[in-house]
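In this text, all values refer to a predicted model and were calculated from it rather than measured experimentally. Below, read A as the first sequence line, B as the second, and so on, with proteins coming before strands; counting in each chain starts at 1.
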Amino acid sequence: MRRIGVFVCWCGANIARTVDVQKVVETMSQHPGVAHAEDYRYLCSEPGQALIRQAIREHRLDGVVVTACTPSLHEATFRRTVSSAGLNPYQCEIANIREQCSWVHEDRRVATDKAIRIIKGMVDKALLNESLQPISVPVVRRALVLGGGIAGIQAALDIANSGFPVTLVEREPTIGGRMAQLSETFPTLDCSQCILTPRMAEVAQHPNIELLTCSQVIEVTGHVGNFHAKILKRPRYVIEDKCNNCGECAKVCPVLVPNEFDRGLSQRTAIYIPFPQAVPSAYVLDPDNCLGLFPLACERCSQACESQAIDYDMHPEVVERDIGAILVATGYDLYPLENLGEYGYGRYPDVIDSLQFERMLSASGPTGGEVLRPSDGKVPKTVVFIQCAGSRDPESHLPYCSKICCMYTAKHALLFKHKGPDRQTYIFYMDIRAAGKGYEEFIQRVTEEDRVCYIRGRVARVFQEGDKLMVWGADTLTGAKVEIAADLVVLAMAMVPNRGAQETARMLRLAVDEFGFFREAHPKLQPVETLTAGVDLAGAAQAPRDISETVAQASGAAAKIVALLSREQLTHEPIIAGVDEDLCSGCGICISVCPYGAREFSADGRTARVVEVLCEGCGACSAACPSGAAQQRNFTDAQILRMVSAAVGE
Amino acid sequence: MERIVIDPITRLEGHGKISIFLDDKGEVADAYFQVPELRGFETFCEGRPVEELPRIMTRICGVCPEAHHMASAKAVDAVFHVEPTPTGKQLRELMYSAFFASDHATHFYILAGADFLVGPDAPVAKRNIFGLIDKVGEEIGRRVIRHRMECAEAIALIAGRQVHPVCALPGGVSKPLSEQERDRLEQIARDAVKFGELSLQLFGDLVLTNPAYKDLILSPTYAQQTYYMGTVDEHNQVNFYDGDIRVVDPAGKQFARFRPSEYTDYLAERVEPWTYLKFPYLKGVGWKGFIPGPESGVYQATPLSRLNAADGMATPLAQAAYENMYDTLGGKPVHLTLATHWARLIEMLYAAERMLQLVQDPQITNKDVRVIPSETPDEGVGVVEAPRGTLYHHYQTDSKGIVRKVNLIVGTTNNHAAICMSIKRAAQGLISADKPPTPGVLNMIEMAFRAYDPCLACATHFLPGEMPLDLWVYDAQGKLLYRVTR
Amino acid sequence: MATDTSVQTQSRAQAAPTEERHATFEPSIVAFLCKWCSGAGADLAGTGRLRYPPNVMPIRVMCSSRVDANFILHALRDGADGVLVAGCHPGDCHYISGNYKTLARYQLLQRLLAQFGIEPERVRLEWISASEGRKFAQVVTEMTETIRRLGPLNWKAQVER
Amino acid sequence: MAKPQIALYWAASCGGCEIAALDIGERVLDLIAAADIVFWPAAMDVKYADLEAMPEQSIDVCLFNGAIRTSENEHLAKLLRAKSKIMVAFGSCATEGGIPALANLTTREAIMRNAYQATPTTDNPEGLRPQMEHAVLDGHTLTLPEFHESVRALHQIVRVDYSVPGCAPVGDRVWEAVATILSGDLPAPGSVLGAAQKTVCDECDHKRNEKRIRKFYRPHEIETDPTLCLLEQGVICMGPATRAGCGAACLRVNMPCRGCYGPPPGVVDQGAHILSAVGSIIDSQDPQEIEEIMAGIPDPAGTFYRFSMSNSLLFRVRER
């Protein structure tokens, strides 16, 4: 037989005025399972707590119900109290007879009766309480960062600087991502590479950062604090620390292919370095375009390489790491051109996308910073920029706003104009979205000082006429038809999630939105977390964003990860769900219901199990379980039904 | 004035009850057969999704759930205006034929059979399946049990379970037949045909050659001249699963031939305050009370009625047996209630032959066993021949297929009036002032009743089957004079 | 939902004549409150010393999604005249999506109750945030009055028949 | 030792349970060999009167099938309880009301009106109804048992020691149950015999994954994949809330479970449990859309309580 102690708090007059404390004590001392009941003026005071401790010893109580204010105030207090008297803290329950009774009712008789019902219910529940121990799991103190763009770089550095090892995985031969392709950045017009490459170098040198390029995470198992990742490292065929970047290999390479870093505006050899400041600072051999490795078709590069950095016998390897937390920063791509025929993109050589334009603007780019028409290499005089190419077009393309296009298009126009006199720029736009520090001012400058001509409206069609591109559109402000003979047309292409994002989502059990961007745990309050505990997000993989936002979010995510890794153990409220395997038949309903992926099929698939560290204890599975096999600890069906009976019973 | 109460007699839904009233002269003044139970399926099926009814209606009767499953399925087809795929239809009929083969066998051998094969006045202890086995031999006894088991297996193969099958959906059935299953079913069907022939042979050897039994069958005590109802195919041959309903008059002349959907133009049901079960009769003739003959709307729907109402059987062996019966009994129609047992065996053989036909049809294993309904559901009637009579299910739904109204005329109910009449007639023929009732007499009365194999008898089918009978004789003051129990 | 409204109109229709009859009747209402929003809201009502009828007996659960239809039916069977389930506003669930599960179950339960002839007003789902003490008091007051008007559910007597 | 004395009785049921009892095949002979059947009106020559004459507790085991619908059912239940040491509720009807208990969603009056007045073939100008007592001839009366308002399970009328669920119980399981009882080594009173602890899913070989429902299909509306969980495909299946024992018979022919084996251990209200389960796997957060999805379950009460109405917490439709 359980021995429950009931302690009724007067809370001064707050409870005692409307609830007949004496009567409560008398009634409860008669209640089955109650070994002791008493009242006190202020139970939360030290003497009050002392009285509880003493009663626990004197009356050998194995459970305590404190009837006082709301549990959100003093549940923690009284749990400490009882445990200091040797009771399991989860044997302590609070019955709220202040906020939900004495403070809201006047009639003393009625309030007293209600208080008694509340307390009876709580005692009946307490009779079935289990003693629980907090759940704790050790934390592996290493972070995994997917993606070596600015987001991944920033986060990796923040985490590494806090003293935790980081494995940074990049699919390409170099880190730097999209930002490395940009010329200047709005609104300050800093040179993109100038601010980025120092960070890249830092990554390369950082003792806490393990950089894996040409690599992809192929499998992640386990859960928060204890993930296990398998990473496929493709051969670079160049030994990184032997390569001294002399470039002799490239000179002798007979193969020429379009250079993806320059978005096809230039060519590269089969052995190449994406761009001079690439990190790791080493050449890479692209096996798909090399004349042949198996069997070896041509050895010119290795012959040319004095430092003998080239090793044709490298093989793919799988690197395995134990990981405590994961950051997903896989970035974005441009809306694929095949989806965007109407502006002649892909049909007319002089219709290009915004990143191609960036490359041309870049001093280190294919054209050495001059803008030249792909068709004839001439300097265009008239350039038309078309914003929202694929964005904000629910009918035929994507409904969302890609957010950064207004700003970079303004930047493009401005930089282009600055490159020489009598250059004309027109920008077709829907709205100008310039919310950001210094953004609006930047737009002002572009329109007023640099007289970039903004035309509000969509472009109807673009077609070649002689060596001109005819751009037909409408100015929706004046209603006038607009017809421009342009030399070059630049499309501000929509941003879409990076290829492979879906695969990553599946691998990490992450939710994605309808466009494939990763979904955050809560749009307002958990913007960097995901629903998979221990996995966070940064950058354009989550939604279109600009660099400053990306960096801010990356640091935010890093902070979350550091907070997680700085703990020896993850401890966890034990009020969680359990499974009675004798009753569970593995219908799988609880698995579908759990918002935290804390439920899964057992190995043989015949029952469901709970991953305790992931369970947040909402109890949804217990309610959903049709067989009664799933029960929430200390909130079992039996316990709640007892409270119901006490509430309505005679 | 005395009253004889035979209670419980046996059951459809609960117990049937027979009360026989003697007048002061000790002659039978009147006899009542009461059904003291009612379920209300018509009412509590309202509000249910109509496609669920085939799975609910089976619970009207656990002995012939297949009949209700089929009638309900056909009604639901009609409600959704959907025609099952050929294979779907065949699988239903195949399952249903297996059921008929089983049900008729168990009735003949285990319930009624004892009366003939062992003898109406044989000692109680003998007049059951064991007595029967003694008489016809262990071997045949085993065959009976095996036959039942195999038919049950056949049903379960298609319908999931034998008691309360579940396979029927509007537009067909839920699962195609695999080749292995088909092979097994063919074996079973072959056995069933052999068993059917053997049974008729037994009947010939043990009953027809026995003058006593033959007299019994031919005796006017067990004759009942009424209209006869049964389902026939386009050639007016007996069909259990599908066709038109045909009614012939006591002279054997076609009185009506109608589509299931027209049944309300031909049938009506009479309510009596002393029983929960209603009394269907032919609208065209009208209700004239519990009397036989062409002027009375009372009709029968029994195996014998089906044969009377048809021009023949659709399978060769059964057709031969059919001709043989009518030759022996002096042409159509036959009014002898006890000849129903003979008719039942002919139907059993037909069912087995039909099973074999269907299972040998190359398209029986087609995967295409169901069409998904597309029409708006509204109203439909489904009719099959249950072993104990024509079974009518009639549903009305709203446009979402939720049941609004249900009407049912259940196999045995068709014969309710005839059963009451047969009992009274038998009682009158067997009980009189000089012949006070004896156990033998009571059993003879019961035989009149049992020939109909009323579904009230369902539960007694497979058992060491003795229908309980109890006779109480009171004097005018209602004081118990003496009591006979057998 | 058709069935719901039909039941509703029925109960409204009946409300008038039965009003006096139930004037003295004190409904018993069970309220399942989630810890994070509606429970906190109820606490706030207390802190604000708002007044509401004592007919509601609160039962605290971690999330409204813990409330099994079974609990609600038990409450009605055991003598409750009404049941209130309160959770966080859509989108605010502390457990991400618990309240949507509650919502879906509730909508299904209402259709079931209608088939058993129970007025929809007797089982009520409300979204009450931690800052909506006033709303909590108001919901409880309304509900008490509505059910007083409907009269006792009196389930035991129904079952005895 | 003397053979155990066994009584079998049916109340409001279809007879399927007794067929099921016989589906134990030849073992029925073992049964008859192992026990004396002292009362089985369906099969044997014993009368109510004989039963009344038996001393209390003189029957060792009574297997009672069928629900309690009429005064006669109730009388016999009480009588047999008094005469029997062990009372077994046999089959869904006796255990939880079964299909007849669907009538608790309507009223006695509606049933009578329908059966004896409303149906299209009924011809009853005088508006006759069956009477509990009806005078025939000179002063003799025929009696009929009273038709109760509600259908009840056996345990709602008398104390029940064991129950054997199923509509109808599966042959092998029946034999298991009977064998257990005959063995004399009896489980705790209240136990369920001839069924398992787990649910139908445990015996179902349809593969299960996650369940996120955007549309419910009625069985006739969809061609389901016979290898996958039906519920996952949007077909309401009671399997997850139903005791195992039948071998998932219906699912073997691609038909969804309707719950005839009743709720698993510890669950009182089968319908509430499947309702909460189904309500939890709706893949929508929009009330309007949820409403539309739920419309795919046109008859919650008749589906979730198909066999267990008498044991449901709400028990019957409320009349106001």
Is any side-chain heavy atom of A:Ile118 closer than 4.5 Å to one of C:Pro58? yes
Measure the spacing between OH of C:Tyr52 and CD of A:Gln100 and express it to the nearest 0.5 Å. 5.5 Å
To the nearest 0.5 Å, atom CZ of A:Phe635 lies from atom NZ of C:Lys35 at 8.0 Å
Would you say the side chain of A:Val648 lies within less than 4.5 Å of the side chain of C:Met57, judging by non-hydrogen atoms? no
Contact summary for C:Pro54 and A:Lys114, nearest pair of heavy atoms: O-CD, 3.8 Å
Over all heavy atoms of both residues, which pair between A:Ala620 and C:Lys101 is shortest? Give the atoms and the distance, please. CB-CD, 4.2 Å
For C:Arg66 and A:Thr636 the tightest heavy-atom approach is NH2-C, 3.5 Å
Does any backbone or side-chain atom of A:Val644 lie under 4.5 Å from a heavy atom of chain C? Answer side chain, backbone, both or neither. both
Would you call C:Asp92-A:Lys524 a salt bridge at under 4.0 Å N-O? no
Output for pair (C:Met62 CE, A:Ser622 OG), nearest 0.5 Å, gives 11.5 Å
Look at A:Gly121, A:Ala521, A:Cys621, A:Gly617 and state which one has the largest set of heavy-atom pairs under 4.5 Å with chain C. A:Gly617
Can you tell me if C:Asn70 and A:Asp637 form a side-chain donor-acceptor pair at under 3.5 Å? no
